[in-house]
Amino acid sequence: MSKSPPSPGPVRAGRVALIGRPNVGKSTLLNTLLGEPIAIVSLHPQTTRDTVRGVLTAGDTQCVFVDTPGLHEPRTRLGKWMNETARQAARDADVLVLLVEAPRDGQAPRPHAADLALAAELPDLPTALAINKVDRLKDKAQLLPLIAAFAEKHTFATTVPVSGRRASGTERLLEEVRALLPEQPFLFEPDTLSDQPVRFFVAEFVREQILRQTRQEVPHGVAVVVERFDESGKIPHIEVAVHVAREAHKKILIGAQGQMLKRIGMAARARVEQMLSRRVHLTLWVRTTPDWMDDPARLRDLGYPS
């Protein structure tokens, strides 16, 4: 008698919110999970301002990962908006992944107080605790006190040590997340990478290069708006306005004889062309918009509903 083939497993799909403080590695982890660098990354805290959604479809499973702004003590209306954006993404999710950092060798294996506070306020949803950057810790037994401390604040379905930068533990994290997803049809077509428009990524890629090229000289007082995206010709023409809070930052961004702005534009254009698989013409303008991070009207104009 021949053996009948095994029946396929249930189709699972859902939104998976990556939650955590700034600079714990949420965007790097998202890029590693997707195998595509769609989320911008820099050494600056609070690089992620809005949610970035990436879709990973494998077999009978579809994870819609939502990278969220790092939760922090806000000093501006923009900061408050970023925190609320992260919390709303958590409320709307089917599964949560709380991302925290492993201690370095020689550090006391104590969790950050803000991480514990965040764990305590998480919605009552299936949640995975992902301890990131474990590649910098030789003695993994030091993770045990952290895991115990977090277990006192929230009921976690699973705990997974990972290194988003080295793609270590990420396959196991995917397996654990899959088991937590609801049984339901796919939310997007299987070949979808993100449901967000190209204009969103163009603005993000420009902002990424500003953060990378200027380092600490121009911090987060930068907003990027795509004002024109014309695909009527053979080569798309894109015009982008970069808004800065101070005139001094405008001078830094433009640089001597426009060289800094040129470097930013060339690097951002390369990222856009990689995403679109075609050449584009990208023009950048820099404008001084004082106090935009605390002005409700200006925030709305720049795409941040206050």
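We're numbering straight along the sequence, starting at 1.
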**Report entry** Short N-O contact, Asp105 and Lys138, less than 4.0 angstrom
**Finding:** no

Query - Electrostatic pair Arg199:Glu227 at N-O distance under 4.0 angstrom - result: no

Query raised in the report: Judged by modelled atom types alone, do Thr68 and Thr51 share a side-chain donor-acceptor pair under 3.5 Å?
Result: no

**Report entry** Separation between OG of Ser42 and CD1 of Ile210, rounded to the nearest 0.5 Å
**Finding:** 11.5 Å

Report task. Could you tell me whether a side-chain N or O of Arg271 sits under 3.5 Å from a main-chain N or O of Pro37, the two making a donor and an acceptor? Result -> yes

Requested in this report: Identify whether the distance between the nearest side-chain nitrogen and carboxylate oxygen of Glu84 and Lys80 falls below 4.0 Å.
Outcome: no

Requested in this report: Apply the test side-chain contact (heavy atoms from CB on, under 4.5 Å) to residues Leu122 and Thr127: give CA-CA distance (whole Å), side-chain angles for both, the deciding distance (0.1 Å), then the verdict.
Outcome: CA-CA 9 Å; Leu122 289 175; Thr127 307; 4.1 Å; yes

**Report entry** Step-by-step side-chain contact (heavy atoms from CB on, under 4.5 Å) determination, Arg287 to Val242
**Finding:** CA-CA 6 Å; Arg287 297 172 183 163; Val242 178; over 6 Å; no

**Report entry** Partner set under salt bridge (charged side-chain N to carboxylate O under 4.0 Å, His left out) for Arg263, not counting sequence neighbours
**Finding:** none

Query - ring-ring contact (aromatic ring centres under 6.0 Å, His included) contacts touching residues 178-209 (sequence neighbours left out) - result: none

Query - Charged N-O contact under 4.0 Å between Lys251 and Glu247 - result: no

Requested in this report: Could you tell me whether Asp291 and Arg298 have a side-chain N and a carboxylate O separated by less than 4.0 Å?
Outcome: no

Query raised in the report: In terms of the angle between their ring planes, are Trp81 and Tyr304 parallel, tilted or perpendicular, with boundaries placed at 30° and 60°?
Result: perpendicular

Query raised in the report: Do you see a donor-acceptor pair shorter than 3.5 Å between the side chains of Arg165 and Thr28?
Result: no

Query - Between Gln88 and Arg91, a side-chain donor and acceptor under 3.5 Å - result: yes

Query raised in the report: Taking C-beta and beyond as the side chain, do Leu144 and Leu146 meet within less than 4.5 Å on heavy atoms?
Result: no

Report task. Indicate whether the side chain of Thr57 and that of Gln62 have a donor and an acceptor atom separated by less than 3.5 Å. Result -> yes

Query raised in the report: Near Arg228 CZ, under 6.0 Å, is it more than 12 heavy atoms from other residues, nucleotides or ligands?
Result: yes

**Report entry** Val134 side chain near Leu143 side chain, heavy-atom distance below 4.5 Å
**Finding:** yes

Query - SB check Glu175 Arg178 (cutoff 4.0 Å) - result: no

Query raised in the report: Who passes side-chain contact (heavy atoms from CB on, under 4.5 Å) against Glu189, sequence neighbours left out?
Result: Asp191, Thr192

**Report entry** Pairing of Asp115 and Arg21 as salt bridge, 4.0 angstrom limit
**Finding:** yes

Query raised in the report: When you check the gap from the basic side-chain N to the acidic O, do Lys153 and Glu121 get nearer than 4.0 Å?
Result: no

Query raised in the report: Side chains of Val97 and Val16: closer than 4.5 Å at any heavy-atom pair?
Result: yes

Query raised in the report: Are the charged groups of Arg53 and Asp67 less than 4.0 angstrom apart, N to O?
Result: no

